[in-house]
Novice: 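I have a structure here, written as structure tokens, and I will follow up with some questions on it.
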Amino acid sequence: MLRHAIAPSRRYTKASHDVVRHPRLTSDAKILLLYVQGLTTESADKPLSEHARKLGITGRAYQKAKELLVVNGFLHERRQQGVRGLWATAQLLSNVSLTPAEAATVCLGRASEGSEAPETAMCPGAPDPAVGEPAIGEPVDRVVGGQLPVDEEREKNSPHPPSEAKPDPDPDPDPDPEVKPEPGAAPDAPLPPDVAEGERVLLSLRHACRELYLGAKEARTLAALAAEWLRRGITAAQLRRVLTSELPDGGVRSAVGFLRYRLVHKLPEEPRPEVPAPKPVVAAMIPCAGPGEEHLFRPARGEELCGPCGRAEARRFWLRQRELAEGQPAPLPWRERFAAVNGPRAEPC
């Protein structure tokens, strides 16, 4: 391999061989590390994702590069709180691998003596929470007094003093024993198990698709339809898959209407009752009609002989048929049979 390299005199970045030849860092991670290493202090005070976006490293490629930098100790992140109580994420990107303790020391500016200070350590600075900004003006004493109590001020300035509360009228001695519950109030009786399971499935759809978010009352109105699916043999996972798959391209405008339509129109048919198979009829034991000692067997198709006797009888039958065939004369050739049928052939004149 031939090499040709010209050392640049300006606008260059010193790259460590430990970074360039690192076996576990991808090319995106190395380029991102060297890019941040060559930035100025003013340009480095930005999130790492913005620098990666300038290099065209986005999406999964950026996540993979960032993960490799974190795993190998080149990138450290820590959450810290500012003066006004706002939380921010501080990122430290170094050209050498650091432990979490060393990274915390670099960020806090308390590097121990004799430790190697990396050249490209970048940590967005934040003011010390213990040191606040001075107030404007000279300090003055606090003014106390000068205000009347609330009761005295109300009696003096309020043109309409509060009226005394009137006693409540006597309650009806004979109230109506049947009190109708308020609309939308939860019933006292617990829900059936299948209805409760259907309600839980409907409320869990928000985790699969934000467009199918249902409130508690909306889920209660559709719980009976979902319970019908469960009664027909559909599991909760199958019902959730049917309700969240193949959503409209334009989005779901009304989650209640969409789910009610799908629960009604895609309801599976009721399971048919299984017809039990007819039990086979077992024939009674009958005596065998064959020779020998009397013995019983169970007929399958109305036969009178058992298996061994039936095979022996069939063997004797075919032996008799062969003896009869051997006793008959050999058949005549076809010419003689033809002449016997049509008569003797006439001689030509």
Novice: Taking CZ in Arg253 as the centre, count heavy atoms belonging to other residues, nucleotides or ligands within less than 6.0 Å. Is the count above 12?
Specialist: no
Novice: In Å and rounded to the nearest 0.5 Å, what is the NZ to CG distance from Lys14 to Leu34?
Specialist: 14.0 Å
Novice: Val264: which other cluster members, linking ILVMFWY side chains closer than 4.5 Å, directly or transitively?
Specialist: Val201, Leu202, Leu205, Leu212, Leu214, Leu222, Leu225, Trp229, Leu230, Ile234, Leu239, Val242, Leu243, Leu247, Val252, Val256, Phe258, Leu259, Leu263, Leu267
Novice: Heavy atoms only: give me the nearest Ser94-Leu33 pair and the separation to one decimal.
Specialist: O-CD1, 3.4 Å
Novice: Would you say the side chain of Ser16 lies within less than 4.5 Å of the side chain of Val96, judging by non-hydrogen atoms?
Specialist: no
Novice: Could you grab the distance from atom CD of Glu303 to atom CZ of Phe297, nearest 0.5 Å is fine?
Specialist: 5.5 Å
Novice: With a 4.5 Å cut-off on side-chain heavy atoms, are Glu199 and Arg220 touching?
Specialist: yes
Novice: Does any N or O in the side chain of Glu323 come within less than 3.5 Å of the main-chain N or O of Arg320, such that one atom is a donor and the other an acceptor?
Specialist: no
Novice: How close do Ala284 and Pro299 get, counting heavy atoms only, and between which atoms?
Specialist: O-CD, 3.4 Å
Novice: For Lys46 and Lys54: C-alpha separation, side-chain torsions, deciding distance, then whether side chain to side chain contact (heavy atoms under 4.5 Å, CB included) applies.
Specialist: CA-CA 12 Å; Lys46 291 182 180 179; Lys54 293 181 180 180; 3.5 Å; yes
Novice: Would you please say whether a donor-acceptor pair under 3.5 Å links the side chains of Arg240 and Ser204?
Specialist: yes
Novice: Does either side chain, that of Thr58 or that of Arg53, offer a donor lying less than 3.5 Å from an acceptor on the other one?
Specialist: no
Novice: Does atom CZ (Arg298) have a neighbourhood of more than 12 heavy atoms from anything else shown, all under 6.0 Å?
Specialist: yes
Novice: Of all heavy-atom pairs between Asp28 and Ala61, which one has the smallest distance, and what is that distance?
Specialist: OD2-CB, 3.8 Å
Novice: Donor-acceptor pair, Lys66 side chain versus Ser49 backbone, under 3.5 Å?
Specialist: no
Novice: Treat each ILVMFWY residue as a node, draw an edge where side-chain heavy atoms are under 4.5 Å apart, and state whether Ile57 and Val71 are in one component.
Specialist: no
Novice: Can you confirm whether Gln321 is buried at CD, in the sense that more than 12 heavy atoms of other residues, nucleotides or ligands lie under 6.0 Å from that atom?
Specialist: yes
Novice: Quick one: NE2 on His76 to CD on Glu102, what's the gap to the nearest 0.5 Å?
Specialist: 8.0 Å
Novice: Does Pro308 reach the side chain of Arg311, with side-chain heavy atoms less than 4.5 Å apart?
Specialist: yes
Novice: Tell me if a side-chain donor or acceptor on His295 pairs with a main-chain N or O of Glu293 at a distance below 3.5 Å.
Specialist: yes
Novice: Contact between Leu305 and Glu313 at the side-chain level, heavy atoms closer than 4.5 Å - yes or no?
Specialist: yes
Novice: For Glu211 and Ala255, work out which heavy atoms get closest and say how close.
Specialist: O-CB, 3.5 Å
Novice: Less than 4.5 Å apart, any side-chain heavy atom of Thr235 and any of Gln238?
Specialist: yes
Novice: More than 12 heavy atoms of other residues, nucleotides or ligands under 6.0 Å from NE2 of His17: yes or no?
Specialist: no
Novice: Would a distance-only check, ignoring hydrogens and angles, find a side-chain to backbone donor-acceptor pair under 3.5 Å from His51 to Leu32?
Specialist: no
Novice: Rounded to the nearest 0.5 Å, what separation is found between the CZ atom of Arg231 and the CG atom of Asp194?
Specialist: 4.5 Å
Novice: If I take atom OG1 from residue Thr26 and atom CD1 from residue Ile31, how far apart are they, to the nearest 0.5 angstrom?
Specialist: 8.5 Å
Novice: So, does Glu77 use its side chain to make a donor-acceptor pair with the main chain of Ala90 at under 3.5 Å?
Specialist: no
Novice: If you apply the rule salt bridge (charged side-chain N to carboxylate O under 4.0 Å, His left out), what do you find for Arg232 with Glu228, and how did you get there?
Specialist: CA-CA 6 Å; Arg232 298 192 179 190; Glu228 184 63 27; 3.0 Å; yes
Novice: Does Asp18 have any salt bridge (Lys or Arg N to Asp or Glu O under 4.0 Å) partners at least two apart in sequence or in another chain, and if so, which?
Specialist: none
Novice: So how far is it from Arg260 CZ to His265 NE2, rounded to the nearest 0.5 Å?
Specialist: 11.0 Å
Novice: Flag the pair Leu75 / Leu92 as yes when at least one side-chain heavy-atom distance between them is below 4.5 Å, and no otherwise.
Specialist: no
Novice: Does Ser97 use its side chain to pair, donor to acceptor, with the backbone of Asn72 at less than 3.5 Å?
Specialist: yes
Novice: Return yes if some donor-acceptor pair links the side-chain N/O of Gln37 with the main-chain N/O of Ala15 below 3.5 Å, else return no.
Specialist: no
Novice: Ignoring hydrogens and angles, tell me if any N or O in the side chain of Arg206 forms a donor-acceptor pair with the backbone of Leu203 under 3.5 Å.
Specialist: yes
Novice: Mark yes when over 12 heavy atoms from residues, nucleotides or ligands other than Arg322 sit less than 6.0 Å from its CZ; otherwise mark no.
Specialist: no
Novice: What I'd like to find out is whether the side chain of Phe74 reaches to under 4.5 Å of the side chain of Leu25, using heavy atoms alone.
Specialist: yes
